[in-house]
Trainee: 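Take a look at the following structure, please.
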There are 2 protein chains.
Amino acid sequence: MHIEFRHLRTIKAIHEYGGLARAADQLNITQSALSHQIKGLEDQAGVELFVRRSKPMRLSPAGQRLLRLAEQVLPQVEATLSEFSSLRDGRSGRMHIAIECHACFEWLFPVLEGFRKSWPDVDVDIRPGLAFDALPALQKEDVDLVVSSDPEELPGVEFVELFDYNAVFVASASHPLASKPYIDAEDFRGQTLITYPVERSRLDVFSQLLIPAKVEPAAIRQVELTAVILLLVASNRGISVLPDWVVREVKYSSDYVTRPLTETGITRRLYAAIRSEDMEKPFVRELVDLARVEARKLQSQ
Amino acid sequence: MHIEFRHLRTIKAIHEYGGLARAADQLNITQSALSHQIKGLEDQAGVELFVRRSKPMRLSPAGQRLLRLAEQVLPQVEATLSEFSSLRDGRSGRMHIAIECHACFEWLFPVLEGFRKSWPDVDVDIRPGLAFDALPALQKEDVDLVVSSDPEELPGVEFVELFDYNAVFVASASHPLASKPYIDAEDFRGQTLITYPVERSRLDVFSQLLIPAKVEPAAIRQVELTAVILLLVASNRGISVLPDWVVREVKYSSDYVTRPLTETGITRRLYAAIRSEDMEKPFVRELVDLARVEARKLQSQ
DNA sequence: TGAGTGTTATGAAATTGTTTCACAATGGCG
DNA sequence: CGCCATTGTGAAACAATTTCATAACACTCA
């Protein structure tokens, strides 16, 4: 036999209610059961837990030590169990997010700030570095939400529409292309294109414009941070294509020009990929709602 | 079913050894048993503890919470168990001491100081206030040792001889009785006697001298602290009778005189009353030995 | 894609552990 | 001493855990 929580509860009750008989009542068990239980425990621990010289039996020093253990440990168990119950009823949970699109930090951060206020018990995190294998990670429950603009048919995964955005051309105000009303694929020839450091197929400029038109820019420079991209563009070290919610920030600055790509513009749609089972969780729905609101805010600035 | 330590050990092993099968080996149990165990636990907790999408199954968020509990709680249990084993093999234990004789603090404190060094895991305490019912308290295991000078025949209790001492008369050097070579009962007539605040039968002066001689002092003043008794005696507010180990301290001071009681002196013996079952415990024997050594030291000063 | 391997799940039977029942033993108290 | 309240004990009943045998599943590699 091993020491078990049952024993701790018993010790505690015997101490609390002063005696086996009363403790037995409290625990909805017979006095005999407790007697056997304690005997077993004393055999296994090899120490006397109770002083039996006096009649309502009392804790021995060893018994008091065990009581101390009980009083340390039982509340910890209670705490865990109550976290489970808040997990069950959807008040707490995990919301680890993978973002495929590099610029999504811009709107995601404010969304998460708001989210944390409404759902303080949900463990929120952004997991960068998963950009590549995000959807498998979603299926394996390594993450709980993937922000993506390429929906796929996957079993157990649903793509919820978040919002539409435009891929927008950005250049320095003094750039030759600044005079054109809109930008075509051919305009990229001979230019230095600044992009996020991800593979071409994940970049809107390439997948939507340059690859179909078979145009190759003169050079590509990969930069991690949006702010740095804009800096380089302003100082005429290259041109770039960014989502409109990023571009709004610089639209009214006289340093930059922004132009639509092609005469009609290139519009894309962003999705939240979520495991079907998570779809009904209230905090998941709220995160999606918050994202939409935030996007609208950014785009109407 | 309830959550039990077994489950915590299981969770921990599965996490540690990466998978049910390996954990089962470690715990000397079949993989099937663990599978059943976890199922039961998940049913009862109402949450999924593991992610089964991938093959060696991994902890879900709830499972990680449970693992955290396991890692908090299991070491606490270990600690308790190891205290039990040191209790079993006699390295630790409890040594709560009741002293009937009020002046015994004087030699007991240094004894306990030494004792703590040799037996750091023994819980030592002096319980004053039990002076009256000390022996019943010993039988009920409320205390573990009683210092007493009145041995009785009690079942399960043994009286171990500690050392002999003399009850010694103390007065101010300027006191009229200071001129006598020894003090008799009759000398107390008309005097103010300063004693500890306990009943007469527990005071050597009364039980050994004044009661048999049917002598009543003019007044009795009860004082708690030995140092205060000596102070009062020095300033001629009364006379007192104290054990020799206390008196040695003032013997060579010109403020006091000390004299034997009666021509032959009154010698008494101090005992340690101990429950028979505790007699063989090594730290009990050592405490008795230390007490004897300390007494010898005090008396040969 | 399918065979092979390693892993987890499941149901029934066996085993082990716990509780109950009935009553014995013991201590406390008048 | 005798009564009442309390704890202890052994056998039987009951409940749980574990095992066994085998199915189902997921990953790997050809």
Side-chain angles (χ1 to χ4, degrees), chain A residues 1-11 13-45 48-60 63 133 136-142 154-156, chain B residues 1-11 13-45 48-60 63 133 136-142 154-157 275:
Chain A
M1 203 190 59
H2 247 153
I3 177 171
E4 292 291 355
F5 284 123
R6 186 160 26 92
H7 298 125
L8 297 186
R9 290 183 233 278
T10 298
I11 290 281
I14 295 178
H15 173 250
E16 206 158 309
Y17 298 103
L20 222 61
R22 276 174 291 276
D25 277 356
Q26 276 294 324
L27 298 171
N28 295 315
I29 212 180
T30 57
Q31 165 273 320
S32 175
L34 289 196
S35 182
H36 285 295
Q37 205 179 94
I38 286 166
K39 191 162 156 347
L41 190 55
E42 287 184 326
D43 286 354
Q44 116 91 209
E48 296 238 307
L49 263 16
F50 289 89
V51 179
R52 278 124 166 137
R53 294 170 196 292
S54 60
K55 211 52 201 226
M57 64 197 215
R58 287 157 25 227
L59 290 168
S60 75
D133 270 338
L138 181 69
Q139 288 181 299
K140 287 191 168 188
E141 297 195 19
D142 280 336
L154 276 177
Chain B
M1 202 191 57
H2 247 152
I3 177 172
E4 292 291 355
F5 283 124
R6 185 160 24 92
H7 298 126
L8 297 186
R9 291 183 231 280
T10 298
I11 290 283
I14 295 178
H15 173 250
E16 205 157 309
Y17 298 102
L20 223 60
R22 276 174 290 277
D25 276 358
Q26 276 295 323
L27 297 172
N28 294 315
I29 213 182
T30 57
Q31 164 273 320
S32 175
L34 289 196
S35 180
H36 285 295
Q37 205 178 95
I38 287 166
K39 191 162 159 341
L41 190 55
E42 287 184 326
D43 285 355
Q44 116 90 211
E48 295 239 306
L49 264 13
F50 289 89
V51 179
R52 278 129 167 131
R53 294 168 195 292
S54 61
K55 212 51 205 222
M57 65 196 214
R58 288 156 24 225
L59 290 167
S60 74
D133 270 338
L138 180 70
Q139 288 182 300
K140 287 190 169 187
E141 297 195 20
D142 281 336
L154 277 177
V157 174
R275 281 186 303 277

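What you are looking at is a predicted structure, and each value in this text was computed from that prediction instead of being measured. Residue numbers begin at 1 in each chain, while the letters A, B, ... track the order of the sequences.
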Trainee: Identify the two heavy atoms, one from A:Met57 and one from A:Ile38, that lie closest to each other, and give their separation to 0.1 Å.
Mentor: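 Minimum heavy-atom contact is CE-CD1, 3.6 Å.
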
Trainee: Report the distance from atom CZ of A:Arg6 to atom C1' of C:dT19, rounded to the nearest whole Å.
Mentor: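 Nearest whole value for this atom pair: 10 Å.
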
Trainee: Between B:Glu48 and B:Arg58, does at least one N-O distance fall below 4.0 Å, as a salt bridge requires?
Mentor: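 Judged by the 4.0 Å cut-off on N to carboxylate O distance, B:Glu48 and B:Arg58 do not form a salt bridge.
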
Trainee: Give, for atom NZ of B:Lys39 and atom CG of B:Asp43, the distance between the pair rounded to the nearest 0.5 Å.
Mentor: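 Spacing of NZ (B:Lys39) from CG (B:Asp43) equals 5.0 Å.
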
Trainee: Output the distance between atom OG1 (A:Thr10) and atom CD (A:Glu4), rounded to the nearest 0.5 Å.
Mentor: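 CD of A:Glu4 is found 11.5 Å from OG1 of A:Thr10.
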
Trainee: Going from CZ on A:Arg6 to CD1 on B:Ile3, what distance comes out if it is rounded to the nearest 0.5 angstrom?
Mentor: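 So the gap between those two atoms works out to 13.5 Å.
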
Trainee: Send over the distance from A:Ile14 CD1 to D:dG8 C1', rounded to a whole Å.
Mentor: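 Distance, rounded to whole Å: 13 Å.
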
Trainee: For B:Leu41 and D:dT17, give me the distance from atom CG to atom P, rounded to whole Å.
Mentor: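 For the pair B:Leu41 CG and D:dT17 P, the rounded distance is 10 Å.
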
Trainee: Which nucleotide wins on minimum distance to the side chain of B:Ala33, given the candidates C:dA22, D:dT19, C:dT19?
Mentor: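 So the nucleotide nearest the side chain must be D:dT19.
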
Trainee: Please give the angle, rounded to 10 degrees, between the axes at the start and the end of the helix from C:dT1-D:dA30 to C:dG30-D:dC1, where five pairs define each axis.
Mentor: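 Result, rounded to 10 degrees: 40°.
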
Trainee: Phosphate oxygens OP1/OP2 of D:dG8: is one of them under 4.0 Å from a side-chain N or O of A:Arg52?
Mentor: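 The answer is yes; a side-chain N or O of A:Arg52 sits under 4.0 Å from OP1 or OP2.
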
Trainee: Kindly say whether, by distance alone, the side chain of A:Ser32 makes a donor-acceptor pair under 3.5 Å with the base of D:dT7?
Mentor: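 Checked by distance alone, the answer is no.
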
Trainee: Without decimals, in angstroms, what is the distance between B:Ile38 CD1 and C:dT10 C1'?
Mentor: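 After rounding, the gap between these two atoms is 14 Å.
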
Trainee: May I have the list of side-chain donor-acceptor pairs in residues 14-29 of chain A shorter than 3.5 Å, sequence neighbours left out?
Mentor:
from, atom 1, to, atom 2, distance (Å)
A:Tyr17, OH, A:Gln26, OE1, 3.2
A:Arg22, NE, A:Tyr17, O, 2.9
A:Arg22, NE, A:Gly18, O, 3.1
A:Arg22, NH2, A:Gly18, O, 2.6

Trainee: Whole Å only: how far is the CZ atom of B:Arg58 from the C1' atom of C:dT8?
Mentor: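 Between C1' of C:dT8 and CZ of B:Arg58: 15 Å.
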
Trainee: Distance from B:His2 atom NE2 to B:Gln44 atom CD, nearest 0.5 Å?
Mentor: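 Nearest 0.5 Å value for the NE2-CD distance: 6.0 Å.
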
Trainee: Side-chain N or O of B:Gln31 versus OP1/OP2 of C:dT7: is the shortest distance under 4.0 Å?
Mentor: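 Indeed not, no polar side-chain atom of B:Gln31 lies that close.
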
Trainee: Can any side-chain N or O of A:Glu42 pair as donor or acceptor with the backbone N or O of A:Leu49 at less than 3.5 Å?
Mentor: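 Yes.
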
Trainee: Does B:His36 lie flat on the base of D:dT18, that is, centres under 5.5 Å apart and planes under 30° off?
Mentor: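 Given the distance and angle limits, no, they do not stack.
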
Trainee: Expressed as a whole number of angstroms, how long is the span from B:Lys39:NZ to D:dT18:C1'?
Mentor: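 Atom-to-atom, B:Lys39 to D:dT18, this comes out as 15 Å.
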
Trainee: Once you round to the nearest 0.5 Å, how far does CZ of B:Phe50 lie from CD1 of B:Ile11?
Mentor: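 Taking CZ in B:Phe50 and CD1 in B:Ile11, the distance rounds to 4.0 Å.
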
Trainee: Expressed as a whole number of angstroms, how long is the span from B:Gln139:CD to C:dT26:P?
Mentor: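 It is 18 Å, rounded to the nearest whole Å.
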
Trainee: Between residues 19-30 of chain B and DNA chain C, which residues have a heavy-atom gap below 4.0 Å?
Mentor: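 DNA chain C contact set from residues 19-30 of chain B: B:Gly19, B:Leu20, B:Ala21, B:Arg22.
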
Trainee: Measure CD/A:Glu4 against P/D:dA16 and give the value in whole Å, please.
Mentor: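 Taking atom P of D:dA16 as the reference, CD of A:Glu4 is at 14 Å.
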
Trainee: Hey, does the side chain of A:Gln37 come within less than 4.0 Å of C:dT19's phosphate (OP1/OP2), counting only N and O?
Mentor: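 It does, given that an N or O in the side chain of A:Gln37 lies less than 4.0 Å from OP1 or OP2 of C:dT19.
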
